[in-house]
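Written below as structure tokens is the structure these notes are about.
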Amino acid sequence: MFSKDAIKLYVMGISLLALTAFVFFRENTTDWRDYQAEFRDLVTEKFGAERAEQIPSGVQQIWVKDLDRVDRCVTCHQAMEWKGLETAPNPYRTHPKGILEKHPLTAYGCTSCHGGQGFSTTLPDAHGNVEHWEEPVLGQEVSEAYLIKNSKALMEMNCNSCHRYDRQTTGMDYINTAKNLVEEKDCRACHTINGRGGIIGPDLTYEGDKPTEQFDYGRLTGRHAVFAWQVAHFQNPKMVSPDSIMPNFGLSSQDAQALALLVMSWKKEPIPASYISGVQLRDVPTPEEIAREKEMLEGDGAFFVQNKCFVCHSVSSLGVNSAAKIGPDLSDAVVDVQNRFGRTLDDFLMDPTGTMSVVLATQIPLTTEQRQQAIALLKVAYQRKLEQQIKNTSPSPTPAGK
Amino acid sequence: MATEEISRTKTNSFLGTLREKLALKPMWEKLTWTWKPETKREAGDAIVRNFILHWFPAKVSLESLSWGYSFWLGTISAVLFLILTITGGILMFLYVPSVERAYLSVKDLEFSTSYGWFLRGLHRISAHLMVAVVFLHMVRVFLTGAFKNGRKAVGQNRPLNWIVGVALLLITLLLSFTGYLLPWDQLAYWAITVGTNIASSAPVFGDPTRFILLGGTTIEQATLIRFYVLHCFLLPLATFGLVSYHMWRVRKDGGLACTEKRYEEAKKQEQPAIASKTYSLLGITGGSAVDVQNVMIDDEKDKVPSSPYLTVRLAVVTLATLLVSILLTLLVRAPLEEAANPAVTPNPAKAPWYFLWLQELVTITTFTVGGITINGALIGGIILPGVLVAAAVLWPYFDKSPVSSIGRWFPKERKWQNRVFVIIVAAILILTFIGTYMRGPFWEIYMPWQEWEQAPRRF
């Protein structure tokens with residue numbers, strides 16, 4: 001019994017050792033390792049061994065925290081930003097340069113434009129034409145399946161995630177056509193899009209988020225896919241959904257494809273505002289604020305506004321009002337300076353002390369002419385103030401400034 | 001001649017002796033670590049003095065070691081639990097139990113972590129195997145009547161150990177169920193939805209139970225962290241404690257039930273006491289026989305030292321379990337569907353496979369009478385499994401079959417209860433099979449060779 005068991009033990013042990021070796025082998029013979037080796041050979045051949053040595057090895061990735069994306073495409077597509085491999089076969093080809101200038105890899109990654117499964121390190125999974133992954137690489141394979149003439153057209157759907165509020169975008173011909181059609185055919189007569197439009201048809205603002213299961217593919221010939229459904233629906237709405245009252249616009253297949261791409265791009269994606277084209281990330285002044293500043297700039301106190309004196313000081317008699325009012329009103333600077341510093345205004349502005357010396361030395365460097373101009377204006381301001389005071393003390397009780 | 005030479009070298013230096021000893025050993029023994037106990041005492045000490053092995057007896061009967069009686073299913077379950085603990089421990093370093101990151105961290109395991117696919121696959125397969133093996137273990141114990149007490153030994157309480165076993169089966173199911181949610185993909189999300197919805201159909205306690213389990217009314221972050229803590233800490237701790245107790249009880253109950261027949265046989269061979277002779281001791285005790293030990297058995301007969309007989313088998317079982325698990329890991333790819341999406345219900349939405357017999361029961365017991373639909377979740381999902389578990393717990397106390405039927409396969413005395421049990425097990429297996437392989441979209445029956453309707457895609 002014992003010796004039989006011992007033999008079993010040895011058989012098990014050796015089998016396990018073999019299996020362990022197999023697991024080790026499988027872990028270390030992935031396709032991406034072959035691609036990296038081939039790329040190194042290519043670089044050695046073209047640019048010499050020294051360049052080849054600088055190529056990083058192992059899984060490479062671009063982590064775009066803002067877009068919550070990890071793209072390991074660069075594990076195999078290593079030449080993205082190389083010079084001189086523009087005509088090399090894929091995956092060793094350089095990425096076309098123009099588009100990368102505005103869309104650097106570090107800020108956008110790969111899949112946000114191209115689609116595909118960024119996590120993956122195997123070809124079928126990465127290119128995403130697999131079960132349980134709904135964002136395949138939008139390139140030749142899918143284009144051919146749908147007979148789309150321009151294989152880059154599909155990608156415009158992803159471009160429009162950020163460019164959805166643009167009226168027209170350079171280089172996005174399909175989406176531009178579709179956006180024109182939306183205006184031309186007046187889709188908003190029935191549909192709400194981006195918060196604007198009618199209520200006869202369904203709201204299309206987030207049409208791209210509609211799950212695949214929510215479409216009825218019963219009358220569709222060919223592939224059961226949202227894109228196929230959308231294209232067929234645009235070409236003949238009643239054919240795919242007989243109850244639809246949407247008119248048949250007699251669209252060409254290319255126009256229908258363009259519109260399908262447009263509506264499928266309308267997704268509720270968590271994209272930071274800084275990525276969205278046309279969104280201004282700054283405090284926009286209210287119309288009243290703009291009007292008031294314009295008034296101040298056109299009035300007699302324009303000098304104080306132009307030179308930013310009004311950040312701290314009002315010159316109320318000249319119509320200049322400071323929001324902060326950190327410093328004293330300069331309307332009576334002529335007497336006020338005398339009271340505070342025991343010097344004349346002329347003397348003080350030419351050779352200031354205290355806070356003003358710091359401000360005029362660092363923040364608002366005024367030339368001698370500008371200082372003289374300021375002195376002259378402040379004298380006018382004081383004159384104005386006195387006049388206004390006299391007006392106010394007169395019997396008729398009219399409000400100040402009127 | 002040879003002995004002369006050895007004795008001569010003995011007089012030489014220590015190094016010389018060593019060299020001589022090594023030279024005498026065969027090459028095989030020099031290359032491998034081998035140890036054989038010289039005496040029975042040494043063999044016993046090897047077990048008792050070893051921290052891990054000391055839960056085994058120093059000597060063990062041959063029938064407890066047989067492959068065919070127990071199929072070593074309990075041991076296999078324990079080995080699987082060990083594999084799960086080790087792989088799970090490593091996975092804990094790599095998995096992030098947050099709704100935002102859980103799915104991504106599993107994707108990372110699959111694609112970029114070194115051996116991540118292997119760790120996850122092995123953990124998953126071992127978990128499925130453990131559910132199956134623990135269940136089979138229970139079937140074995142029932143069919144051999146191993147939950148019954150035999151001879152009146154001090155502290156023997158096999159029914160209690162059976163109940164511990166039932167608890168361990170339930171905990172195993174819970175462990176697997178809580179782990180099912182962690183990848184946070186569609187498969188996980190909807191399996192837990194179906195599972196917890198069945199639980200909520202219980203009267204009075206249903207909804208509160210679901211609320212406590214989910215940490216709210218929907219499966220969200222609160223659910224994930226609850227399941228994670230249960231899966232990685234509380235349930236394994238409970239399993240470890242109960243398994244230890246289970247093992248200790250096996251020792252206290254006098255070993256495996258199959259050893260009971262030794263006592264039965266010994267009893268038959270026992271010479272009856274001479275009736276004419278009285279053994280009353282100054283009239284203190286009555287009767288005509290000494291009742292100190294009513295059965296004398298030779299404890300040494302048919303017993304072998306645990307080292308190496310038990311330890312080697314244990315090693316074989318451990319390696320075989322690991323081997324099968326790894327093999328299956330390499331053959332079956334662990335699925336990972338789309339990220340969990342509460343808005344999209346997959347068609348069909350299925351519970352984990354070991355609960356599919358319940359889902360089937362729910363389907364069968366849901367019927368419409370005159371426009372009123374009776375939901376089967378209460379009958380099929382709560383009452384029936386509840387009755388089964390209660391029956392399992394109470395069964396040993398109602399089993400009146402004779403002691404001679406203990407520890408044997410297919411005893412005539414237990415024919416009827418075994419038949420009933422086998423029918424229940426077969427029903428569970430058939431329903432599980434139907435639920436797993438024959439339920440397609442809209443919960444329609446599809447034959448395994450029939451193709452399902454093509455799942456729609458975006459492109």
Side-chain angles (χ1 to χ4, degrees), chain A residues 1-2 4-13 15-16 18-20 22-24 26-28 58-59 61 68 70 72 75 115 117-122 125-126 128-129 131-136 138 141-142 145-146 154 208-209 211-215 217 220 223-229 264, chain B residues 32 34 36 62 65-67 100-101 103-104 106-118 121-122 185-187 304 308-323 325-327 329-330 335-339 341 343-347 441 453-459:
Chain A
M1 174 181 147
F2 173 70
K4 262 191 185 171
D5 281 356
I7 290 167
K8 281 181 198 147
L9 188 63
Y10 286 126
V11 171
M12 292 293 164
S15 316
L16 252 179
L19 263 190
T20 311
F22 181 73
V23 170
F24 180 80
R26 196 160 130 176
E27 170 75 21
N28 289 291
V59 172
Q61 66 179 29
D68 199 21
V70 171
R72 306 199 169 112
T75 303
Q117 188 170 188
F119 311 100
S120 175
T121 47
T122 62
D125 282 310
N129 265 317
E131 240 193 325
H132 308 309
W133 192 259
E134 293 294 348
E135 289 174 37
L138 297 173
E141 205 176 322
V142 184
Y146 287 104
L154 282 167
D209 279 332
T212 51
E213 287 84 355
Q214 283 182 19
F215 294 87
Y217 304 93
L220 211 61
R223 222 190 243 232
H224 288 188
V226 178
F227 183 71
W229 189 95
M264 282 176 76
Chain B
T32 54
T34 53
K36 262 183 210 150
L62 281 171
L65 285 181
S66 86
W67 296 115
E100 289 82 18
R101 299 237 71 87
Y103 179 70
L104 306 185
V106 178
K107 279 271 180 200
D108 278 356
L109 273 173
E110 281 295 306
F111 290 121
S112 72
T113 312
S114 299
Y115 298 99
W117 59 274
F118 179 69
L122 185 57
D185 62 345
Q186 281 288 73
L187 188 68
V304 288
Y309 292 93
L310 174 77
T311 46
V312 168
R313 283 225 159 154
L314 188 67
V316 170
V317 169
T318 306
L319 292 191
T321 308
L322 190 59
L323 191 79
S325 308
I326 293 179
L327 211 59
T329 305
L330 294 173
L336 185 63
E337 300 193 349
E338 292 98 329
N341 185 352
V344 180
T345 317
N347 186 7
E453 205 184 314
Q454 180 195 354
R457 300 184 55 86
R458 258 172 85 75
F459 280 98

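In what follows, chains are A, B, ... by sequence order, proteins preceding strands, each numbered from 1. Note: hydrogens, waters and symmetry copies are ignored here, and every other heavy atom, side chains too, is used.
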Among [options], residue most engaged with chain B (heavy-atom pairs, under 4.5 Å):
options: K8(A), E213(A), R72(A), R223(A); result: R72(A)
options: L138(A), V23(A), D68(A), L154(A); result: V23(A)
options: Q61(A), R26(A), M264(A); result: R26(A)
options: N28(A), V59(A), L16(A); result: L16(A)

Evaluate the side-chain proximity of F22(A) to L330(B): yes if any heavy-atom separation is below 4.5 Å, no if none is. yes
Of all the heavy-atom pairs spanning A126(A) and S120(A), show the shortest one and how long it is.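 What the structure gives for the nearest pair is N-OG, 3.2 Å.
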With sequence neighbours excluded, tell me which residues meet ring pair (Phe, Tyr, Trp, His ring centres under 6.0 Å) with F215(A).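 Once residues adjacent in sequence are excluded, the partners of F215(A) under the ring pair (Phe, Tyr, Trp, His ring centres under 6.0 Å) criterion are W229(A).
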Sort F119(A) into side chain, backbone, both or neither according to what part of it lies under 4.5 angstrom from a heavy atom of chain B.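 For F119(A), heavy atoms of backbone and side chain both lie under 4.5 Å from chain B.
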Which bit of E131(A) is near chain B, if near means a heavy-atom gap under 4.5 Å: side chain, backbone, both or neither? backbone
Judged by atom type as modelled, is there a donor-acceptor pair below 3.5 Å linking the side chain of R313(B) to the main-chain atoms of L65(B)?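 Yes: the side chain of R313(B) pairs with the backbone of L65(B).
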Kindly write out the residues that satisfy salt bridge (charged side-chain N to carboxylate O under 4.0 Å, His left out) with E110(B), not counting sequence neighbours, or none if the list is empty.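 Expected list: R120(B).
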Mutual orientation of the aromatic rings belonging to Y146(A) and F459(B) [parallel < 30°, tilted 30-60°, perpendicular > 60°]: perpendicular
For T329(B), is it the side chain, the backbone, both, or neither that has a heavy atom closer than 4.5 Å to a heavy atom of chain A?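 Neither part.
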For chain A, find which of L327(B), T318(B), N347(B) contributes the most heavy-atom pairs closer than 4.5 angstrom. L327(B)
